[in-house]
Protein chains: 4
Amino acid sequence: MGVTMDGTKQQRRGNTRQRIQDVALELFAEQGYEKTSLREIAERLDVTKAALYYHFRTKEEIVVSLFEDLTQPLQDLIVWGREQPRTLETKQEIVRRYSAALAGASPLFRFMQENQATVRELRIGESFKDWMRDLRHIITDPEASLTDQVRCISALFTLHAGMFVMQDLEGDPEERRKAVLEVSIDLVTQAHRGTHGG
Amino acid sequence: MGVTMDGTKQQRRGNTRQRIQDVALELFAEQGYEKTSLREIAERLDVTKAALYYHFRTKEEIVVSLFEDLTQPLQDLIVWGREQPRTLETKQEIVRRYSAALAGASPLFRFMQENQATVRELRIGESFKDWMRDLRHIITDPEASLTDQVRCISALFTLHAGMFVMQDLEGDPEERRKAVLEVSIDLVTQAHRGTHGG
Amino acid sequence: MGVTMDGTKQQRRGNTRQRIQDVALELFAEQGYEKTSLREIAERLDVTKAALYYHFRTKEEIVVSLFEDLTQPLQDLIVWGREQPRTLETKQEIVRRYSAALAGASPLFRFMQENQATVRELRIGESFKDWMRDLRHIITDPEASLTDQVRCISALFTLHAGMFVMQDLEGDPEERRKAVLEVSIDLVTQAHRGTHGG
Amino acid sequence: MGVTMDGTKQQRRGNTRQRIQDVALELFAEQGYEKTSLREIAERLDVTKAALYYHFRTKEEIVVSLFEDLTQPLQDLIVWGREQPRTLETKQEIVRRYSAALAGASPLFRFMQENQATVRELRIGESFKDWMRDLRHIITDPEASLTDQVRCISALFTLHAGMFVMQDLEGDPEERRKAVLEVSIDLVTQAHRGTHGG
DNA sequence: AATGAATGAGACTTCATTCAT
DNA sequence: AATGAATGAAGTCTCATTCAT
């Protein structure tokens with residue numbers, strides 16, 4: 001393979017797996033999981049559908065692999081978060097890191113946000129849920145009032161909304177990100193203060 | 001028609017259209033739009049697929065009809081909101097009413113939230129977007145800082161999150177709803193005070 | 001029925017059967033038999049499909065009825081032709097009358113010409129064939145050479161072609177019809193002379 | 001793949017595409033386009049419907065491919081015809097070649113003749129029309145009288161009729177073909193003489 | 001590392017037709 | 001004279017997946 005000499009088809013050294021992931025993620029995020037067929041992915045890459053099956057055993061496995069590859073920072077964040085004392089500073093830092101992690105894998109998160117019904121049926125569905133729960137736990141005090149618990153969840157959701165829904169807000173992306181982060185940190189802070197006095 | 005005498009198949013008076021909508025919404029919300037086939041809907045109702053086509057011209061039209069039928073309170077809310085002065089009280093009332101409207105059509109909103117990728121391709125996609133924008137506008141002051149704008153959007157999203165994601169929080173639903181509403185109103189209030197001093 | 005007062009739906013006294021035939025013929029000729037659904041016919045007439053079944057037992061029967069109603073002049077022509085002596089004048093007169101008959105039911109003939117494959121499977125298929133054979137027989141001398149027989153058939157086909165295919169020829173329709181007729185008569189005349197000397 | 005050892009299913013080397021075309025053409029010509037379902041074609045070939053879709057993207061494309069593959073001689077004829085001087089000999093030769101071309105792809109032409117209504121809606125519809133026009137142009141003198149133009153068209157249509165309609169004429173096919181050709185050439189010759197004197 | 005050919009399941013949709021009212 | 005509601009059959013097409021090469 002390679003055809004060389006005119007640029008077409010060449011340079012496909014060993015990165016096909018990677019290229020499949022890239023294209024798949026792009027299409028999944030853009031059109032949704034079910035609307036994206038393997039034929040479409042294959043055509044974009046100029047390979048056959050069968051080639052996809054050399055690299056992944058099923059369509060679902062492509063999603064799983066994306067999830068596993070792009071989600072590491074989040075896993076790390078949770079591990080890290082669990083080891084920290086539940087101080088205000090920790091919580092704020094978690095929000096900050098979460099924001100960064102989201103930004104680093106934004107197409108994946110967009111995909112998961114916009115295809116929740118689908119994701120729920122996929123193998124990653126449970127992981128995802130667990131994982132949102134864990135995040136909630138390390139940011140929420142068990143003895144917090146219901147209202148303060150909602151504040152924490154809201155803080156996380158504000159970050160999510162910030163990534164996708166607020167895109168049509170004016171202002172440049174970086175400023176927007178800062179504003180979103182500010183609101184989110186505010187919520188966590190209020191929750192903390194509500195619970196621990198101050 | 002009616003078979004009578006054993007209860008099966010009877011009572012097909014004039015409510016089939018409605019029954020289709022009910023079952024469809026239930027399944028769409030539960031499994032997603034694409035995973036729900038017309039065969040499945042028909043089977044649940046014990047009619048043939050063709051019967052669905054007597055009442056709706058396409059699968060998409062079923063969704064559209066649901067949207068149109070269940071969305072009226074929201075439309076009304078927007079109309080009402082536009083006519084009010086942009087006082088703090090108005091905004092708070094809008095949040096309250098929005099919360100109630102969401103609760104009144106929660107399966108539809110669950111569906112739309114969990115199938116965003118799909119909805120975007122459907123005819124209702126644009127309406128939905130417009131409609132979120134309008135809502136944002138009547139709750140946000142144009143001269144508010146970016147941060148305060150984010151607060152308002154966050155208030156709306158908190159309500160959304162409250163409906164679906166927070167379901168696995170402890171506490172009884174009614175208490176949860178109150179807590180969510182409180183946080184949401186808080187956010188709007190902060191945004192208002194931030195902008196108008198006080 | 002009648003709605004009156006605004007023109008819609010009114011005046012459907014007893015002519016529905018006729019109106020169905022008219023619309024059906026128009027659509028059959030324009031789009032073909034299979035591509036024309038009863039739904040389409042019904043919609044154009046602003047009645048339900050079931051109404052069509054009040055007037056005709058099947059889709060095929062609509063075609064049959066058109067055939068029977070519009071084809072009478074041709075039947076008459078054949079009867080008449082069979083009783084005449086096989087002189088040149090008779091043959092020429094048959095061509096002339098055939099031309100007129102075609103012109104009088106041109107949408108039906110267009111339909112039959114353009115949907116031969118379909119017509120063959122319909123009940124009228126055989127009639128049609130018989131009927132072209134009869135026409136051929138009364139215009140062709142049994143003792144004519146093969147070439148002269150071909151001339152006669154060609155004469156008939158020239159008339160057919162004249163109706164549909166030659167429509168994109170320049171010249172006004174009436175002139176065209178005359179030219180076509182001339183060629184057709186010419187062919188018949190040559191055939192006759194070839195067979196009977198002169 | 002191949003099952004071998006009992007003859008069934010074997011030999012599926014690389015000829016499936018061709019076999020689809022063969023069977024499709026046969027069925028289209030025999031029963032018409034719409035009455036021939038892909039299921040039927042697939043069953044005859046003992047493959048699944050999906051296999052057809054591996055080779056052709058739509059049902060229509062099967063027809064298009066047949067058209068493109070079998071129509072080449074006609075295209076060539078038109079090209080050739082355009083380069084020749086418009087002498088009587090040329091015209092006669094065109095008729096002769098057209099007759100041969102028709103005979104070489106007679107099932108396709110039968111199909112097109114008997115399914116005109118359908119063909120008109122297909123992608124090949126326009127090509128076909130253009131193509132009959134071109135043929136007419138190279139055989140017709142622009143300054144010919146309307147009658148002589150009709151003669152030329154009639155010459156072409158006589159050939160068409162000769163292939164299908166005249167099949168139930170007595171005589172062996174070869175003789176019939178000669179007779180048809182003679183009449184056709186005659187018509188062209190008369191038209192030429194009519195226009196150029198002599 | 002990838003292709004060519006095919007499958008089986010199932011999707012949405014349309015059609016002619018029926019029948020109680 | 002016609003409607004409203006429904007059916008059963010069939011149609012075209014797409015998809016994820018398989019497997020010999």
Side-chain angles (χ1 to χ4, degrees), chain A residues 1-2 9 12-17 34-42 45-62, chain B residues 1-2 9 12-17 34-42 45-60, chain C residues 1-2 9 12-17 34-42 45-62, chain D residues 1-2 9 12-17 34-42 45-60:
Chain A
M1 211 35 37
K9 284 251 193 186
R12 164 193 303 173
R13 277 197 303 274
N15 56 344
T16 302
R17 192 189 143 95
E34 345 259 352
K35 285 280 269 257
T36 302
S37 68
L38 296 186
R39 176 181 55 64
E40 203 174 352
I41 296 174
L45 292 169
D46 203 27
V47 293
T48 56
K49 272 182 292 174
L52 306 186
Y53 280 88
Y54 179 82
H55 294 281
F56 299 94
R57 280 207 324 237
T58 64
K59 186 183 182 186
E60 179 166 355
E61 232 195 38
I62 300 182
Chain B
M1 209 39 33
K9 285 257 190 184
R12 176 182 295 163
R13 279 194 302 271
N15 56 341
T16 304
R17 194 188 142 97
E34 349 257 350
K35 288 277 270 238
T36 302
S37 67
L38 296 184
R39 178 184 52 68
E40 204 174 351
I41 296 175
L45 292 168
D46 201 28
V47 292
T48 58
K49 276 175 288 166
L52 306 187
Y53 279 91
Y54 177 76
H55 295 280
F56 299 95
R57 280 207 318 241
T58 62
K59 186 183 180 184
E60 178 166 355
Chain C
M1 212 35 37
K9 284 251 193 187
R12 164 193 303 173
R13 278 197 304 273
N15 55 346
T16 302
R17 192 189 142 95
E34 344 259 353
K35 286 277 269 255
T36 303
S37 67
L38 295 186
R39 177 182 53 65
E40 204 175 352
I41 296 174
L45 291 168
D46 202 27
V47 292
T48 56
K49 273 181 292 173
L52 306 185
Y53 279 89
Y54 179 80
H55 294 282
F56 299 95
R57 280 209 321 242
T58 64
K59 186 182 182 187
E60 179 167 354
E61 232 195 38
I62 300 182
Chain D
M1 209 37 37
K9 283 258 190 185
R12 176 183 296 162
R13 280 194 302 271
N15 55 341
T16 302
R17 194 188 141 97
E34 349 257 349
K35 288 276 270 238
T36 302
S37 68
L38 295 183
R39 178 184 52 66
E40 204 175 352
I41 296 175
L45 291 168
D46 201 28
V47 292
T48 58
K49 277 176 286 167
L52 306 186
Y53 280 91
Y54 177 75
H55 293 282
F56 299 94
R57 280 206 316 236
T58 62
K59 186 183 180 186
E60 178 167 355

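Residue numbering restarts at 1 for every chain, and letters A, B, ... go by the order of the sequence lines.
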Is the phosphate of [N] approached by [X] (side-chain N or O, under 4.0 Å from OP1 or OP2)?
{"X": "Arg39(B)", "N": "dC12(E)", "answer": "no"}
{"X": "Thr16(D)", "N": "dA6(E)", "answer": "yes"}
{"X": "Tyr54(A)", "N": "dA1(E)", "answer": "yes"}
{"X": "His55(D)", "N": "dA6(E)", "answer": "yes"}
{"X": "Ser37(B)", "N": "dA11(E)", "answer": "yes"}
{"X": "Tyr53(D)", "N": "dC13(F)", "answer": "yes"}

[atom1] of [X] versus [atom2] of [N]: gap in Å, rounded?
{"X": "Glu60(C)", "N": "dC15(E)", "atom1": "CD", "atom2": "C1'", "answer": "16 Å"}
{"X": "Lys49(C)", "N": "dC19(E)", "atom1": "NZ", "atom2": "P", "answer": "15 Å"}
{"X": "Phe56(D)", "N": "dC13(F)", "atom1": "CZ", "atom2": "P", "answer": "13 Å"}
{"X": "Lys35(D)", "N": "dA10(F)", "atom1": "NZ", "atom2": "P", "answer": "13 Å"}
{"X": "Asp46(D)", "N": "dA5(E)", "atom1": "CG", "atom2": "P", "answer": "18 Å"}
{"X": "Asn15(D)", "N": "dG4(E)", "atom1": "CG", "atom2": "P", "answer": "17 Å"}

If you assign Ala50(B) and Thr58(A) each to the DNA chain F nucleotide with the nearest heavy atom, which residue ends up on the more 5' nucleotide?
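First, find each residue's nearest nucleotide; the 5'-ward one identifies Ala50(B).
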
Between Thr48(C) and Glu34(D), just flag the one whose closest nucleotide in DNA chain F comes earlier from the 5' side.
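Per heavy-atom nearest nucleotide, the more 5' residue is Thr48(C).
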
Pick the nucleotide of DNA chain E nearest each of Lys59(C) and Arg17(D); which residue has the one closer to the 5' end?
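Its nucleotide being nearer the 5' end, the pick is Arg17(D).
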
Considering heavy-atom distances to DNA chain E, does Leu52(D) or Leu38(C) have its closest nucleotide positioned more toward the 5' end?
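This one resolves to Leu52(D).
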
Where the side chain of Lys59(B) meets the backbone of Thr36(B), is there a donor-acceptor pair that is under 3.5 Å apart?
yes

In the strands shown, is dA1(E) matched to any nucleotide by a Watson-Crick or G-U wobble pair with both distances under 3.5 Å, and which?
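dA1(E) is paired with nothing.
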
Under a 3.5 Å cut-off for both contacts, is dA16(F) paired Watson-Crick or G-U wobble with anything, and if yes, with which nucleotide?
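Looking at the geometry, dA16(F) pairs with dT7(E).
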
So, for [X] and [Y], which heavy atoms are closest and what is the spacing to 0.1 Å?
{"X": "Leu38(D)", "Y": "Tyr53(D)", "value": "CD1-OH, 3.0 Å"}
{"X": "Ala42(C)", "Y": "Thr48(C)", "value": "CB-C, 3.8 Å"}
{"X": "Glu40(A)", "Y": "Lys35(A)", "value": "OE1-O, 3.7 Å"}

Can you list the steps and then say if Phe56(B) with Arg17(B) is a side chain to side chain contact (heavy atoms under 4.5 Å, CB included)?
CA-CA 8 Å; Phe56(B) 299 95; Arg17(B) 194 188 142 97; 3.6 Å; yes

